[in-house]
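Sequence positions, counted from 1, serve as the residue numbers for this chain.
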Amino acid sequence: MTRLLAAFFAGLLALGVAADSGRQPAGRVPLPVVKIEKGESCVAPVEEMRRNHMQMLFHQRDRTMREGIRSTRFSLKGCVECHAAAKTGSVLGETGFCASCHAYASVKIDCFECHTPMRRMGEPRAAR
């Protein structure tokens, strides 16, 4: 029993040292890469977008597909236009805007099974 308690406290001490070192423990998911390379501001404040972007996209999808209303404020195309990496033109990939956050949160992105994750070069930006 004494050995078990000693091992437990040694483990706690080791965790404390790892936390103090400023390093991420082995096997942890890397923090997301959040770069916004285009545009001055988003369609909503950052905290609201972090929490509610899927509801906004679903609402836009439903209005477009079921009601034929095609506005651009919460369109997936608009998101990609502002958040795509300048170098790759994509929001996917290891450091892509969408992919890095979704990997961190362990959430599958299925938007791009139908939609392109790339912005089209030379295409005019959609009106907001």
Side-chain angles (χ1 to χ4, degrees):
M1 181 68 168
T2 314
R3 285 185 186 179
L4 185 60
L5 283 174
F8 175 75
F9 285 116
L12 284 177
L13 180 64
L15 284 174
V17 169
D20 262 356
S21 69
R23 294 180 300 170
Q24 207 169 17
R28 299 289 300 199
V29 176
L31 293 174
V33 176
V34 179
K35 284 186 191 175
I36 300 172
E37 301 200 24
K38 202 172 178 184
E40 293 178 23
S41 64
C42 202
V43 297
V46 173
E47 288 305 314
E48 184 178 346
M49 292 305 294
R50 284 183 184 152
R51 285 191 183 92
N52 302 317
H53 68 281
M54 281 312 302
Q55 289 79 10
M56 294 172 184
L57 289 170
F58 286 152
H59 179 71
Q60 177 67 35
R61 176 203 61 194
D62 293 347
R63 288 176 53 99
T64 300
M65 293 186 67
R66 296 188 179 122
E67 300 169 25
I69 300 169
R70 292 192 169 273
S71 62
T72 57
R73 182 163 184 223
F74 298 124
S75 71
L76 185 60
K77 181 181 176 184
C79 297
V80 171
E81 285 177 356
C82 284
H83 294 293
K87 187 175 181 179
T88 64
S90 178
V91 293
L92 299 181
E94 192 173 307
T95 60
F97 185 86
C98 297
S100 66
C101 285
H102 282 210
Y104 179 74
S106 191
V107 176
K108 182 179 185 282
I109 301 175
D110 61 359
C111 309
F112 304 110
E113 290 174 13
C114 298
H115 300 277
T116 180
M118 307 282 285
R119 66 172 183 217
R120 289 189 172 76
M121 302 298 180
E123 206 176 87
R125 282 187 78 184
R128 302 264 160 147

**Message:** side-chain contact (heavy atoms from CB on, under 4.5 Å) for R50 and C101? Distances and angles first, verdict last.
**Reply:** CA-CA 10 Å; R50 284 183 184 152; C101 285; over 6 Å; no
Nearest non-hydrogen partners of [X] and [Y], listed with the distance:
X	Y	answer
M118	T88	CE-O, 3.1 Å
A99	G93	CB-O, 3.2 Å
V43	R73	O-NH2, 2.7 Å

**Request:** Drop me the distance from L92's CG to F97's CZ, to the nearest 0.5 angstrom.
**Result:** 12.5 Å
**Asked** SG of C98 to CG of L76: how many Å apart, nearest 0.5 Å?
**Response** 7.5 Å
Identify each donor-acceptor pair in which a side-chain atom of residues 51-60 lies under 3.5 Å from a protein atom, sequence neighbours left out, and give them as a table.
residue	atom	partner	partner atom	Å
H53	ND1	M49	O	2.9
Q60	OE1	S71	OG	3.1
Q60	NE2	T64	OG1	3.1
Q60	NE2	S71	O	2.9

**Request:** State which residues pass side-chain hydrogen bond (donor to acceptor under 3.5 Å, both in side chains) with E67; sequence neighbours excluded, sorted by chain then number.
**Result:** none
**Asked** Which residue pairs satisfy the salt bridge (Lys or Arg N to Asp or Glu O under 4.0 Å) criterion with at least one member in residues 53-64, sequence neighbours excluded?
**Response** D62-R66
**Item:** Main-chain N/O of G78 paired to S75 side chain as donor or acceptor, under 3.5 Å
**Value:** yes
